Amino acid sequence: MLESPKFIENDCYDGSRMFTWLADMVGLSVDLVNFLICQISALFLASLFRSWLHPSKVSYEVRHAFALSLGLAFGYFCFGQQAIHIAGLPAICFIVIRTQDPRIVQRSVLLVAMGYLLCVHLMRQIYDYGSYALDITGPLMIITQKVTSLAFSIHDGFVRKDEDMTKAQQYHAIRKMPSALEYFSYVWHFQSLMAGPLVFYKDYIEFVEGYNLLKRPTSNATLDNGRSELVVEPSPTKTVIRKVLGSMVCAFIFMKFVKIYPVKNMKEDDFIDGNSIPYKIWYAMMATTCIRFKYYHAWLLADAICNNSGLGFTGYDKDGNAKWDLISNINVLSFEFASNMRDAINNWNCGTNRWLRTLVYERVPKKYGTLLTFALSAVWHGFYPGYYLTFATGALMVTAGRTARRMLRYRFQSTQFTRMFYDILTCITTRIVMGYTTFPFVMLEFMGSIKLYLRFYLCLHLISLVTIFILPRFIRGEQRAQRSSGTDVTAGIAESEQKSFAGQPLLAAQNDLKANQQDVADDDKQLFDKHAKRNDKMPQQHQQQHQEQQISQPLILQPRPQQQQQQVQSHQVQPAPPTPNLTCARDAVSVPHDQCEMDQLSSKLKEKIEAETKNIEEFIDKTVTETVSGIVEFKNDLMRDIEFPKLKLAAGQVTSSAANLVDAAAAGLRKRNISHDNNTSNTNSSNAQSDHDENGSSNGNGVGGVVGGVFLKKEIDVINAVVQQANVLPAVLSNGHAK
């Protein structure tokens, strides 16, 4: 699939071959055709799941049964007899969850699930080495994420205390054992079985039972004592269309450019020996970029499926627009225009990042966090040597980038030009480093990757080692300069945030924190700020008091319980504000899209695209509104002509010919006597007299008046139908539900 546009048939594929004729027609392998058929079918079935099987219409048991049945059907259609592994791994893990003590259940499930997955990875490498054909390892990797995250959430809910957990762990903690129906529905539901994204258990259960909307504030409802009488479900139509179109564009780019930069060329001796180093780095960067668009296509389509079923809603933004990014797996622009490796990783495969952060990074000693996180990610992907080369190099590049950023970034923040220059330079550098780091991931081979690295003279490896171990001795970093002046600065915080914390005294113990601990504190600070801005449904009075309290008290960072430090004010000790209860799923996202340290170039580009999209939508809405208003006004004018045929025009406003036309038109209309008396007899007699006068007309305008009135009535009926259709159309398109 990756090496050439001619997709070769795989004899090891065990899925259905019903659509072989379609695969031959479009030039794709049958496994890819089956995958696309399942995903497109899931996209349409998700809409039925949201409308026909809405929580207000059916019970949650029906929704669970429907979701897991479709998931099993798709799994058997795509993988045939290999689908037994889809049932085997979660069944074994369910037995472990129900039998093991909650104090050790998380380790037991992680060991069993990873052992099962690695056995399947090993078998795949034996019988189908180096193949990119669709097989069962993809869904098993998603299932492994689900069962292990569920086990850790059970451990947090039954064993650990709230003060010992992070905000994400507190939110996802489970204090009730899942039933068999809930468990297998969570593991097999059709929205994310084939290509993800990862959905945490608590979010999925609240979605199926319909409680996810009760936690979100409405865009137009008023709050009364902290409660909303009406919760309106927003329509995901625009978001789904945008993601489906983006998925199609990514698929086209992949199919088009993979012919120009095939990965197999990097394995050939002619390419390695016959080209210069800059061209080989350029080729590696372009080849890996083309491969990424295949993942963009799969993840955007999978995200659209989840959103179309109603899964992924996180509330409204400041403009009242619904946000559907709870489980988004990719942020294309933020990744492609990232200014450092950390931001790029945070915006790539976001579900896996949340899983790794929840399971490893937040639970191990901080000095080993990055290394162990990359190690688990490599093992989870399989045994291909290229994976381990990529993740080992990635860990080195992330550490070097963090060190270089600390030493150099603050030197470019004096003017807008230098800031823009720094952002552009780091964005280009990140693209080069990304291609250099990830080409072993797509080559898979060990010797081929090592041979190409040697042809590069390990240039970026050596630069990274020098940056980490040698340059800090000669170049004073930002943190060292500010520690000497007694300021509180956290590495990685933006310049505006640094100014807000300047001048606060610190304890000596806090000054001795290491650089990586500062970066961890930066993440917790972002979580704390995000929590303060959450879209919880709280009373307005309590919310105002909460904001006043934050304004009156200096902001105190609260890192993880193992790193909490006491901060002393100049006059008195100010206690930290109590941690509020998490009621919003967005607070549990460790690295939100909109708070990553994005470079200014990508942020401006994203804002530009959003502004243009909003302008187009406003233009369409304004055009429809003006059209409907014009039709209604025209209808009212016709009605006034019928009701008041004799128009009184001021002298000098019309010409004599225009006056004659008006008189002729008025004479041609039917005359009606309008009575304001509520007496029925008077009204009937008045109407009878009016009819008698009209029937007794002896001039030639009587027939014309009748014909003109009939014609106008027909026109008014047509206009009424148009107006009614225009008023109903937006409601039909929204496809919303009131609960």
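Keep in mind that what you see is a predicted model, and the values were worked out from it rather than measured.
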Asker: If only atom types and distance count, is the side chain of Asn347 paired as donor or acceptor with the main-chain N or O of Asn331 below 3.5 Å?
Answerer: no
Asker: More than 12 heavy atoms of other residues, nucleotides or ligands under 6.0 Å from CZ of Phe257: is that the case?
Answerer: no
Asker: Is the distance between the ring centroids of Phe293 and Tyr296 under 6.0 Å?
Answerer: yes
Asker: Anything under 30° is parallel, anything over 60° is perpendicular, the rest tilted; go ahead and classify Phe19 against Trp21.
Answerer: tilted
Asker: Nearest heavy-atom pair of Lys280 and Ile272: which atoms, and what distance?
Answerer: NZ-O, 3.0 Å
Asker: Can you confirm whether Tyr361 sits close enough to Leu356 that some side-chain heavy atom of one is under 4.5 Å from a side-chain heavy atom of the other?
Answerer: no
Asker: Answer with yes or no after comparing the ring centroid distance for Tyr129 and Tyr384 against a 6.0 Å cut-off, counting only values under it.
Answerer: yes
Asker: Short question: side chain of Trp380, backbone of Gln145 - any donor-acceptor pair under 3.5 Å?
Answerer: no
Asker: Does atom OH (Tyr76) have a neighbourhood of more than 12 heavy atoms from anything else shown, all under 6.0 Å?
Answerer: no
Asker: Side chains of Met434 and Met285: does their closest heavy-atom pair fall under 4.5 Å?
Answerer: no
Asker: Just how far is it from atom CG of Leu117 to atom OG1 of Thr144, taken to the nearest 0.5 Å?
Answerer: 4.0 Å
Asker: Report yes if the side chains of Leu118 and Val379 come closer than 4.5 Å at any heavy-atom pair, otherwise no.
Answerer: yes
Asker: Show the numbers, then the answer: is there a side-chain hydrogen bond (donor to acceptor under 3.5 Å, both in side chains) between Arg292 and Thr289?
Answerer: CA-CA 5 Å; Arg292 285 199 298 270; Thr289 301; 2.9 Å; yes
Asker: Taking the side chain as C-beta and beyond, is there a heavy-atom pair between Asn349 and Asn329 under 4.5 Å?
Answerer: yes
Asker: Yes or no on side chain to side chain contact (heavy atoms under 4.5 Å, CB included) for Trp348 and Thr438, after CA distance, side-chain angles and deciding distance?
Answerer: CA-CA 13 Å; Trp348 170 266; Thr438 58; over 6 Å; no
Asker: Drop me the distance from Cys350's SG to Leu198's CG, to the nearest 0.5 angstrom.
Answerer: 11.5 Å
Asker: Measure from the ring center of His189 to the ring center of Tyr204 and say whether it is less than 6.0 Å.
Answerer: yes
Asker: Using 0.5 Å steps for rounding, measure from the CG atom of Leu193 to the CD1 atom of Ile143.
Answerer: 5.5 Å
Asker: Which heavy atom in Arg354 sits nearest to a heavy atom in Thr358, and how many Å separate them?
Answerer: O-OG1, 2.7 Å
Asker: When you compare the side chain of Pro197 with that of Cys306, does any pair of heavy atoms fall below 4.5 Å?
Answerer: yes
Asker: Between the main-chain N or O of Arg342 and the side-chain N or O of Asn346, is there a donor-acceptor pair closer than 3.5 Å?
Answerer: yes
Asker: Tell me whether Asn307 contacts the main-chain N or O of Pro236 through its side chain, where contact means a donor paired with an acceptor under 3.5 Å.
Answerer: no
Asker: Taking the side chain from Asn308 and the backbone from Leu43, do they hold a donor-acceptor pair closer than 3.5 Å?
Answerer: yes
Asker: Above 12 or not: heavy atoms from other molecules or residues under 6.0 Å from CZ of Phe417?
Answerer: no
Asker: Are more than 12 heavy atoms from other residues, nucleotides or ligands located less than 6.0 Å from atom CE of Met18?
Answerer: no
Asker: So which atom in Ala344 and which in Ala338 form the shortest heavy-atom distance, rounded to 0.1 Å?
Answerer: N-CB, 3.7 Å
Asker: Is the distance between the ring centroids of Tyr295 and Phe254 less than 6.0 Å?
Answerer: no
Asker: Using only atom types and a distance under 3.5 Å, with no angle test, would you say the side chain of Asn340 pairs donor to acceptor with the backbone of Gly401?
Answerer: no
Asker: Does the ring centre of His85 sit less than 6.0 Å away from the ring centre of Phe79?
Answerer: no
Asker: Count the heavy atoms of every other residue, nucleotide or ligand shown that sit under 6.0 Å from CG of Leu245, and state whether that count exceeds 12.
Answerer: yes
Asker: Does NZ or CZ of Arg431 come closer than 6.0 Å to the centre of the six-membered ring of Phe335, within 45° of the ring's axis?
Answerer: yes
Asker: Okay, side chain of Tyr453, backbone of Tyr436: is any donor-acceptor separation there less than 3.5 Å?
Answerer: yes
Asker: Does the side chain to side chain contact (heavy atoms under 4.5 Å, CB included) test come out yes or no for Leu465 and Leu396, once each step is laid out?
Answerer: CA-CA 8 Å; Leu465 293 175; Leu396 179 64; 3.9 Å; yes
Asker: Please examine the side chains of Leu150 and Lys146, heavy atoms only from C-beta on, and report whether any two atoms are closer than 4.5 Å.
Answerer: no
Asker: Is the side chain of Ser464 donor-acceptor paired with the backbone N or O of Leu460 at a distance under 3.5 Å, no angle test?
Answerer: yes
Asker: Measuring from Ser247:OG to Leu301:CG, what's the distance to the nearest 0.5 Å?
Answerer: 4.5 Å
Asker: Search all heavy atoms of Val433 against all heavy atoms of Met341 and return the closest pair with its distance.
Answerer: CG1-SD, 3.9 Å
Asker: Could you walk me through whether Lys323 and Thr239 satisfy the side chain to side chain contact (heavy atoms under 4.5 Å, CB included) test, starting with their C-alpha distance in whole Å, then the side-chain angles of each, then the deciding distance to 0.1 Å, before giving a yes or no?
Answerer: CA-CA 9 Å; Lys323 305 189 71 172; Thr239 302; over 6 Å; no
Asker: Heavy-atom distance under 4.5 Å between the side chains of Leu389 and Ile450, does that happen here?
Answerer: yes
Asker: For Asp325 and Thr314, does a side-chain donor sit closer than 3.5 Å to a side-chain acceptor?
Answerer: yes
Asker: Just wondering, do Leu36 and His297 contact through their side chains at under 4.5 Å, heavy atoms?
Answerer: yes
Asker: Using the rule given for side-chain hydrogen bond (donor to acceptor under 3.5 Å, both in side chains), can you reason through Asn265 versus Tyr283, listing the C-alpha separation, both sets of side-chain angles and the distance that settles it, and then say yes or no?
Answerer: CA-CA 9 Å; Asn265 289 350; Tyr283 193 96; 2.9 Å; yes
Asker: To the nearest 0.5 Å, what is the distance between CG on Leu462 and OG1 on Thr467?
Answerer: 10.5 Å
Asker: Evaluate Ser339 against Asp423 for side-chain hydrogen bond (donor to acceptor under 3.5 Å, both in side chains), listing each step before the verdict.
Answerer: CA-CA 6 Å; Ser339 62; Asp423 290 336; 5.3 Å; no
Asker: Do you know the tightest heavy-atom contact between Ala287 and Met266?
Answerer: CB-CE, 4.3 Å
Asker: Using 0.5 Å steps for rounding, measure from the CD atom of Gln191 to the CD atom of Gln39.
Answerer: 10.5 Å
Asker: Angle class for the Tyr261/Trp282 ring planes (parallel below 30°, perpendicular above 60°, tilted otherwise)?
Answerer: perpendicular
Asker: For Thr393 and Thr390, indicate whether the former's side chain and the latter's backbone hold a donor-acceptor pair under 3.5 Å.
Answerer: no
Asker: Dump the intermediate steps for side chain to side chain contact (heavy atoms under 4.5 Å, CB included) on Asn34 and Leu134, then the final yes or no.
Answerer: CA-CA 9 Å; Asn34 289 344; Leu134 188 69; 5.6 Å; no
Asker: Should the heavy atoms of other residues, nucleotides or ligands under 6.0 Å from CZ of Phe44 be counted, would the total exceed 12?
Answerer: no
Asker: Going by the angle between their ring planes, with limits at 30° and 60°, are His381 and Phe441 parallel, tilted or perpendicular?
Answerer: perpendicular
Asker: Please report the shortest heavy-atom distance between Ser41 and Phe74, naming the atom on each side.
Answerer: CB-CZ, 4.2 Å
Asker: Donor-acceptor pair, distance only, cut-off 3.5 Å: does the side chain of Gln125 make one with the backbone of Phe383?
Answerer: yes
